[in-house]
Amino acid sequence: GGDSARLLCLPVHPLWQSPITIPGGSRQSPINIQWRDSVYDPHLKPLEIRYDPETCLHMWNNGYCFLVEFEDSTDKSYITGGPLENNYRLKQFHFHWGAINEWGSEHTVDCKVFPAELHLVHWNSCKFASFEEAVMEANGLAVIGVFLKIGAHHSGLQNLVEVLPSIKHKDTLVEFDEFDPSCLLPSCPDYWTYSGSLTTPPLTESVTWIIKKKPIEVDEDQLEMFRMLLFNSFGDEEQRMVDNFRPLQPLMGRTVRSSFS
Ligand code: SG5
Ligand code: ZN
């Protein structure tokens with residue numbers, strides 16, 4: 001993020017350059033999840049995930065990460081249950097990753113860092129009319145986080161990886177349809193949940209985080225393809241898109257609940 005990059009005298013990513021006010025700053029993300037401090041909540045229901053591959057629209061490089069966006073004018077792709085009291089519609093998913101496998105995830109578990117982390121971003125369609133409205137409000141958003149670790153080749157992820165060379169530069173977009181992001185979720189239903197924020201500007205404290213306990217496995221070559229993307233636009237100096245994660249934020253007395261004991 002901005003502050004730590006400045007201390008280390010690294011170039012600051014454009015996303016973090018303008019002054020940003022952190023509203024309140026008492027429930028910021030990401031955090032380290034200390035397993036033994038998480039509290040098992042037997043009332044937490046299983047998370048219900050209903051994704052319609054027809055709602056998948058396109059993939060693009062926004063100059064910070066790559067994201068896949070979904071048609072969200074109706075409740076065709078949504079989640080409910082778990083810690084959520086309403087339906088939350090899928091808006092987009094994206095990843096954060098490191099230059100090397102030793103770091104890259106935003107959340108950590110017992111201080112363990114993973115090489116990458118997937119975020120599926122949803123907004124509360126029972127209480128709000130649009131994503132933009134929900135972004136500013138408590139209970140506006142729900143993000144599912146999934147850790148990626150190095151292991152077996154992931155055939156679902158490969159469908160994304162194959163399109164990455166066509167969105168190498170900032171602000172490039174390709175049509176990408178018929179993709180079901182539930183193929184990127186571990187089969188284990190266990191998760192942690194806590195109240196937090198977006199991890200990029202506007203950093204609003206509107207997110208119910210749902211962090212899956214089990215990581216998914218991807219192979220080294222697949223993550224290397226993430227690292228071939230560029231932060232810069234076509235024609236500008238080449239800067240590899242890596243290390244696009246925010247540093248850990250203080251817990252500030254929050255409780256992390258677990259769906260499992
Ligand atoms: C918000 O937060 C941003 C995303 C951003 C995630 O959803 O959206 C807005 O602020 C629009 C009102 O930004 C975009 O989608 C750019 C067009 O996603 C990213 O920047 C990709 C990393 C960040 O969500 S997160 O907290 O799950 N990391
Ligand atoms: Zn994210």
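Ligands are counted one by one from 1 in listed order, and the atoms in each one are counted from 1 as well. Residue numbers start at 1 and run along the sequence shown.
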(Q) Looking only at the aromatic ring of each residue, does the gap between the centers of His169 and Phe234 stay below 6.0 angstrom? (A) yes

Q: Verify whether the ring centers belonging to Trp35 and Trp192 lie closer than 6.0 Å.
A: yes

**Q.** Close approach of Trp209 to ligand 1, heavy atoms, under 4.0 angstrom
**A.** yes

Q: Examine ligand 1 and decide if any of its atoms is less than 4.0 Å from a heavy atom belonging to Arg246.
A: no

Using a strict cut-off of 4.0 Å, indicate which atoms of ligand 1 neighbour a heavy atom of [X].
X	result
His96	22 (C), 28 (N)
Leu67	15 (O)
Pro202	10 (O)
Trp60	17 (C)
Leu198	1 (C), 2 (O), 24 (O), 26 (O)

**Q.** Residue-atom pairs from the protein, N, O or S only, that lie under 2.8 Å from the Zn ion (ligand 2)
**A.** His94 NE2, His96 NE2, His119 ND1

So, [X] and [Y], do they make that salt bridge, N to O below 4.0 Å?
X	Y	result
Asp75	Arg89	yes
Glu238	Arg240	no
Lys76	Asp52	no

**Q.** Side chain, backbone, both or neither: the part of Asn62 lying under 4.0 Å from ligand 1 by heavy atom
**A.** side chain

Q: Under the side chain to side chain contact (heavy atoms under 4.5 Å, CB included) rule, what do Glu205 and Gln28 come out as? Steps first, then yes or no, please.
A: CA-CA 7 Å; Glu205 300 186 322; Gln28 289 289 299; 2.9 Å; yes

Q: Would you check whether Gln92 has a nitrogen or oxygen atom less than 3.5 angstrom from a nitrogen or oxygen atom of ligand 1?
A: yes

Q: Only one of Phe176, Phe95, Phe93, Trp60 passes ring-ring contact (aromatic ring centres under 6.0 Å, His included) with Phe66; say which it is.
A: Phe95

Q: Please name all residues satisfying side-chain hydrogen bond (donor to acceptor under 3.5 Å, both in side chains) with Glu133, sequence neighbours left out, ordered by chain then number.
A: none

**Q.** For Tyr78, ring-ring contact (aromatic ring centres under 6.0 Å, His included) partners two or more places apart
**A.** none

Q: Applying ring-ring contact (aromatic ring centres under 6.0 Å, His included), name anything that partners Tyr191, two or more places apart in sequence or on another chain.
A: none

